[in-house]
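All values below were derived from every heavy atom in this structure, side-chain atoms included, with hydrogens, water molecules and symmetry-related copies excluded. Within every chain, numbering begins at 1; the chains are lettered A, B, ... in the order of the sequence lines, protein sequences first and strands thereafter. Please read all numbers here as calculations on a predicted model, not as lab measurements.
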Number of protein chains: 2
Amino acid sequence: MTSTATISDVAKMAGVSIKTVSRVVNNEPNVRANTRELVNQAIVELSYKPSLAARGLAGGRSFLIGLLYDNPSDSFLVELQRGILRACREKHYGLALCPAFSKSTDVKTDILDWIRATQPDGVILSPPLSDNMDVIDALRATGLKFVSVSSAGTGHGPAVHIDEAEAARQMTHHLIETGHRRLGFVKGPLDHACTRLRYEGFCAAMSAAGIAVDNTLVAGGNFHFESGVEAAEKLLSGASRPTAIFASNDDMAAGVMHVAHRKGLSIPGDLAVAGFDDTPMSRQFWPGLSTVRQPVEMIGEMATERLMAEIQRAKKENGLHEAETPDGSSNSEILSFELMLRASTLG
Amino acid sequence: MTSTATISDVAKMAGVSIKTVSRVVNNEPNVRANTRELVNQAIVELSYKPSLAARGLAGGRSFLIGLLYDNPSDSFLVELQRGILRACREKHYGLALCPAFSKSTDVKTDILDWIRATQPDGVILSPPLSDNMDVIDALRATGLKFVSVSSAGTGHGPAVHIDEAEAARQMTHHLIETGHRRLGFVKGPLDHACTRLRYEGFCAAMSAAGIAVDNTLVAGGNFHFESGVEAAEKLLSGASRPTAIFASNDDMAAGVMHVAHRKGLSIPGDLAVAGFDDTPMSRQFWPGLSTVRQPVEMIGEMATERLMAEIQRAKKENGLHEAETPDGSSNSEILSFELMLRASTLG
DNA sequence: ACCGTCATTGACAGCGCTGTCAATAAGCGT
DNA sequence: ACGCTTATTGACAGCGCTGTCAATGACGGT
């Protein structure tokens, strides 16, 4: 057990008080440049790393942020984590995971328990948790800072996301432009805010092109592969099948393609297919799946930075008027998306 | 800020000393059942959750385990995390992530720095980190407990994995049994121990069937889709192409299928394809990909339990002879795998 | 040189919990 | 009932760090 150097070792070595070392470590002002240098040398020399536990106990911070998620797609989760971790590393923060199940009746309790045990300084909410008012309210009641990702900040606090509706509109427009008139659409689950937005984008493009949305060509889904299969079976069995199907996410689009293959329909000849998310899979399918790319990693990174900023602010204002929710912070940051057009929609 | 109840609140409410509450919380012996009950009631009543930070500081433990990984497939990582988190939740442990890059020259330093800052009670190593002797040695030098997953414990300490060679042998056997004689194989990257094992299994089955391995039908890869594409282009361009290709993992198998489709080869008619890992994708492809299912989630769970046990043991023996590495612990646990045979190899 | 002001530094008291060790209660044998 | 062993409990001192506040040093003006 290579005993790690403590702050007092550093203090001794640099010939200053413990508190001064603390100041240097925390980048606080009012330390003479000369002294700061001395301390930094000692820190490097001893390869001193402050103990998170002690800092947390003493300072009331845990230097941990939480990621609350409910079974998103693997690649979404991993990309998001990557972004968050990158931002964390810079700020010397740690990331703790809290898987939750929004369907369960006591998500709220589960999450609160986890928060009490872990005591993160803030949390990042991913959909559909970020669209769950129960959770949002509970979180707000704790006073803990949070930021939502990939979820249109419906006034639920700060959020980082893309313009979902516009993305769906553009993809639909692309389909129409390619010559399709009978478009099918597979919706996502109702508890995701993006379900509505993506559908709105679809409708907007249709109406702009003067095509009426045929309700028999709109199917419900839950973002999983199997629901894409079911939706496709329904949509493709009707008398007048669509010539293109836009699924609200890639997993469901994969289900649609699976069914099309099984039915012997060629893609895109007999049926064009589009998805949403640009999972790695969409590149690997044959034919490649046209989809919308969200900069998920960047979203994670920005959300984390935003969260850190909130935490900072909260710490400073601490003890003052204790303003509940400074509503000015409800604004969200909107990142740009990218249409990835591949063989599944291109002749 | 709903101020969280502290241990002394509980003690007051239960009418016992702080220390007794601590005993109950930590499940220590020598507390009368009656007293224990009293304390538990107070704990529930106040919905008390011990502070990780304080426990860590005082007890010298952090109640955190680390997961060190280097860019594995998304689904592998997510499944592994799921298993680990399940085990963690039971034991009230937290999980901290440490992405590392084994290609980088200072993986070792990166990891050590991370460990110093985070101070986990133990870490789980996933491939290829678990096969990197530099890392293993550095870890061992710190005295920190670790467990490897999905990596044949080549004597590098405890590990949890499947019998990779046997799995590959069985899959190869299946291919041979289906009538194939000209089998292609796509290897994984050299820094993964499983690369060798899977290849050995392949060779074993071939030799058992009396078929010589044709080196022109063995290609190298790196577990990524693109390398599968390259390998397939090489293997399928030769004069006498194989009638089946076994890729060491699903991503590369996806690459093989992609190329086959592009070349107009029907699967499995013109070419049978098999993979390894049973990523969700393998079910979704058309046709479904035959593959080997590792119980990744279970591996994560068992590795975590194993790690906890090691930590326990270390804690008890603490202060005694300080035996460096009780080599009896180098044994590994072997879980069973499952052959998932789907349309890509079945007529 | 003298005072006010601000920048710099350190002494000290905890943060909430656990380990140690001593104190007390409970059993048990005779 | 007495003396002994063992089970149960609590008092107390930190763990390594930060916040508070008081002490010291530096600097500018007169």
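Using a 4.5 Å heavy-atom threshold, the side chains of B:Gln81 and A:Val78 count as separate. Looking at B:Leu95 and B:Leu67, their side chains come closer than 4.5 Å, going by heavy atoms from C-beta outward. Side-chain contact check for B:Leu68 versus B:Ile124: every heavy-atom pair is 4.5 Å or farther apart. Using a 4.5 Å heavy-atom threshold, the side chains of A:Ser151 and A:His161 count as separate. Looking at A:Ile136 and A:Leu129, their side chains never come closer than 4.5 Å, going by heavy atoms from C-beta outward. Between B:Ser150 and B:Phe76 there is a side-chain heavy-atom pair separated by less than 4.5 Å.
The side chain to side chain donor-acceptor pair (under 3.5 Å) contacts involving residues 83-107 of chain B comprise B:Asp70-B:Ser102, B:Arg86-B:Glu297, B:Arg86-B:Glu301, B:Tyr93-B:Asp121, B:Ser104-B:Asp106, where partners must be two or more places apart or lie in separate chains. Among residue pairs with one or both ends in residues 48-57 of chain A, those qualifying as side chain to side chain donor-acceptor pair (under 3.5 Å) are A:Asn26-A:Arg55; sequence neighbours excluded.
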Side-chain donor-acceptor pairs of residues 30-46 of chain A under 3.5 Å, sequence neighbours excluded:
{"from": "A:Arg36", "atom 1": "NH2", "to": "A:Glu28", "atom 2": "O", "distance (Å)": "3.0"}
{"from": "A:Asn40", "atom 1": "ND2", "to": "A:Arg36", "atom 2": "O", "distance (Å)": "3.3"}

Taking only distance into account, with no hydrogens and no angle test, what donor-acceptor pairs under 3.5 Å do side-chain atoms of residues 8-16 of chain A form with protein atoms, sequence neighbours excluded?
{"from": "A:Ser8", "atom 1": "OG", "to": "A:Thr6", "atom 2": "OG1", "distance (Å)": "3.0"}
{"from": "A:Asp9", "atom 1": "OD2", "to": "A:Thr6", "atom 2": "N", "distance (Å)": "2.9"}

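Look at CG on B:Leu46: it is 14 Å from P on C:dG16, rounded to the nearest Å. Atom CZ in B:Phe63 sits about 11 Å away from atom P in C:dC17, given to the nearest Å. The NZ atom of A:Lys12 sits 13 Å away from the C1' atom of D:dG16 (whole-angstrom rounding). Regarding B:Asp9, its CG atom lies at a distance of 13 Å from the C1' atom of C:dC17, rounded to whole Å. Residue A:Ile7 contributes atom CD1, which lies 13 Å from atom P of C:dA11 at whole-angstrom precision. As a whole-Å value, the separation of A:Gln119 CD from C:dC17 C1' is 12 Å. Rounded to a whole Å, the CG atom of B:Asn30 is 15 Å from the C1' atom of C:dA22. C:dT8 atom C1' lies 12 Å from atom CD of A:Glu28, rounded to whole Å.
Annotation: side-chain contact (heavy atoms from CB on, under 4.5 Å) contacts of B:Thr118 (sequence neighbours excluded): B:Leu64, B:Ala96, B:Trp114, B:Pro120. Scored by the side-chain hydrogen bond (donor to acceptor under 3.5 Å, both in side chains) test, B:Thr20 finds B:Ser17 as partners (sequence neighbours excluded). Residues forming a side-chain hydrogen bond (donor to acceptor under 3.5 Å, both in side chains) with A:Asp113 (at least two apart in sequence, or on another chain): A:Arg116.
Remark: the backbone N or O of B:Leu139 is paired with a side-chain donor or acceptor of B:Thr142 at under 3.5 angstrom. Looking only at distances, a side-chain donor or acceptor of A:Ser62 sits under 3.5 Å from a matching main-chain atom of A:Gln119.
Residues of residues 35-44 of chain A that place a heavy atom closer than 4.0 Å to DNA chain C, in numerical order, are A:Thr35. Taken residue by residue, residues 16-24 of chain B places heavy atoms nearer than 4.0 Å to DNA chain D at B:Val16, B:Ser17, B:Lys19, B:Thr20, B:Arg23. Using a 4.0 Å cutoff on non-hydrogen atoms, the parts of residues 48-56 of chain A near DNA chain D are A:Tyr48, A:Pro50, A:Ser51, A:Ala54, A:Arg55, ordered by number.
Ranking D:dG16, C:dC17, C:dA7 by closeness to the B:Ala58 side chain, first place goes to C:dC17. Comparing C:dT9, D:dA7, D:dC15 against the side chain of B:Leu57 picks out D:dC15 as the nearest.
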Practice problem: Any chance you could lay out the side chain to side chain contact (heavy atoms under 4.5 Å, CB included) test for A:Ser130 and A:Val149, step after step, and finish with the verdict? | Solution: CA-CA 7 Å; A:Ser130 39; A:Val149 292; 6.0 Å; no
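Taking only side-chain nitrogens and oxygens, B:Asn26 comes nearer than 4.0 Å to OP1 or OP2 of C:dT18.
Overall, the helix from C:dA1-D:dT30 to C:dT30-D:dA1 carries an axis bend of 30° between its ends, with five pairs at each end and the value rounded to 10°.
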Quiz item: Can you give one letter per nucleotide of nucleotides 23-28 of chain D, going 5' to 3': B for a protein heavy atom under 4.0 Å from the base, S for sugar-phosphate only, - for none?
Solution: ------
